[in-house]
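Read through the structure below, which is laid out as structure tokens, and then see the notes.
No experiment lies behind these values; they were computed from the predicted model shown. Side chains included, hydrogens not; waters and symmetry mates left out as well; all remaining heavy atoms used. Each chain gets a letter, A, B and so on, in the order its sequence line appears, and its residues count up from 1.
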Amino acid sequence: MDAAQLDTIVERYPGATGRVLGVLEQVQRRAGYLPRDALEYLARKLAMPLSELYSIATFYSFFTLEALGEHVVTVCMGTACHVNGAPRIVERLERLLDVGAGETTGDGKFQLTTADHAFSLTSARCFGACSMAPVLRIDNRIFGYVTPDKIPAILRQFDWEGNHHRNY
Amino acid sequence: MIRVVINGKACTAEKGESLLSVARRKGIDIPAFCYEETLAPYGACRMCLVEVVKGAQEGITTACTLAAAEGLEVLTQTSEIVSLRRALIELYLAQAPRSEAIRALAQRYGIQKTRFARKVRPDDPLQNRCILCGLCVRICHDVMGAGAINYIGRGHFTEINTPFYEESAVCMGCGACARVCPTQAIAFEDIVQTRTMKSWSGTRVPLHACSKCGRHFAPAPFVNYARQKLAPDLQQTPLRLCPDCRSREIARKAVLLSTGAAVAD
């Protein structure tokens with residue numbers, strides 16, 4: 001994202017108060033993440049410390065500091081989904097998408113992106129769709145009653161070509 | 001001046017003054033971690049809970065954010081407050097198990113151990129002492145105007161550091177953060193001509209040398225900052241001497257003046 005695009009976003013917000021979240025949201029939506037140089041540019045533009053923008057960016061789960069893939073697969077890890085097998089779904093997704101199995105961060109969260117940037121795999125606490133547990137979301141579509149074996153068919157709807165060279 | 005009553009003792013106070021400040025002046029001990037006179041009361045650490053028995057809003061509230069008003073009456077050591085404080089101390093023992101300040105307070109309240117999971121990270125830049133009161137963040141931003149550090153993350157995993165965990169370009173090395181920290185969590189070290197802010201991603205700041213003895217005595221960016229704060233005519237007198245040389249210089253001038261000799265600069 002270049003300076004001109006960021007300027008356009010900032011100009012949409014006339015007041016100095018309350019614009020930061022709006023600006024960051026627009027950047028996240030357009031770029032798919034908050035690029036570091038965008039944060040550095042905005043810190044100067046909005047006359048606020050970089051540390052504050054970084055703080056905001058790391059506080060809200062909506063923001064990511066790394067580029068997400070074209071499709072974002074979010075597995076619900078809420079209580080109902082968890083007891084209905086969400087961990088096994090994550091495990092299968094990690095193998096199907098060939099992303100670092102078990103590479104979770106210390107806080108139990110993860111954000112894994114495929115080498116070709118087609119998919120990102122991440123988790124969420126609850127979608128409020130517990131009656132369909134276990135649930136996963138791809139972009140804005142929710143899939144309920146998911147089993148590991150149903151996942152390839154779901155992924156194919158999002159142009160997933162599969163791991164032909166590996167047999168699961 | 002108005003009159004407030006703390007634990008039955010009458011105290012005089014400025015109208016609107018923080019009740020914690022009134023109590024401390026009177027020698028009434030109320031524990032607090034996040035109270036710092038140079039910053040607005042914040043009510044974050046919750047240690048200074050007191051009970052308002054007569055006033056605009058009766059009940060338990062933080063003394064630091066409680067404004068003194070005529071006729072206000074508070075109690076600072078009721079059994080309910082003590083039990084709330086004891087629970088808080090246990091939480092703090094879990095959050096900052098290596099903090100001497102918290103251990104000392106725990107001892108005073110007769111607490112040997114915490115029921116909560118202790119957070120111990122061997123590589124914690126804040127030495128497992130940080131209670132996230134935010135004084136360092138606020139003094140750096142609100143008073144020093146640097147904003148080098150801030151909270152990162154959320155919830156149980158919140159910590160304080162520089163953005164991207166990299167050396168800060170805006171930290172002046174002033175050490176105000178370490179000075180206000182109630183749990184001595186922030187570490188920095190001066191080695192010859194460099195100050196290293198060990199807690200802040202190893203941020204390095206050059207030290208300014210005394211023009212007389214050559215000792216490196218203050219962070220150079222902070223010396224420049226202080227100079228800008230001086231009145232224009234004083235800015236010409238550079239802060240070139242270390243405190244030792246400066247006092248020697250002042251003494252020398254005083255002696256020369258008393259003997260009537262001409263003072264050479």
Find out whether B/Y151 and B/N161 are in side-chain contact, i.e. whether some heavy atom of one side chain is under 4.5 Å from a heavy atom of the other.
-> no
Have a look at B/Y109 and tell me which of B/R86, B/R85, B/E90 forms a side chain to side chain donor-acceptor pair (under 3.5 Å) with it.
-> B/R85
Is it the side chain or the backbone of B/H141 that comes within 4.5 Å of chain A heavy atoms, both, or neither?
-> side chain
Toward chain B, the part of A/L39 with a non-hydrogen atom under 4.5 Å | side chain
Under 6.0 Å between the ring centres of A/F63 and A/Y33?
-> no
Proximal component of B/I149, with respect to chain A [non-hydrogen, under 4.5 Å] | backbone
Atom pair CG/CG of A/L112 and A/L68 - distance to nearest 0.5 Å = 11.0 Å
Does any heavy atom of chain A fall under 4.5 Å from the side chain of B/E159, the backbone, both, or neither of them?
-> neither
Can you check whether anything in residues 177-199 of chain B gets within less than 4.5 Å of chain A, heavy-atom wise, and list it by number?
-> none
Within 45 degrees of the axis of the six-membered ring of A/F143 and under 6.0 Å from its centre: does A/R137 put its NZ or CZ there?
-> no
Using a distance-only test with no angle check, is there a side-chain donor-acceptor pair under 3.5 angstrom linking A/E66 and A/T113?
-> no
Between A/Y54 and B/F164, is the gap from one ring center to the other below 6.0 Å?
-> yes
Heavy-atom pair of closest approach, residues A/G32 and A/T64 = O-OG1, 3.6 Å
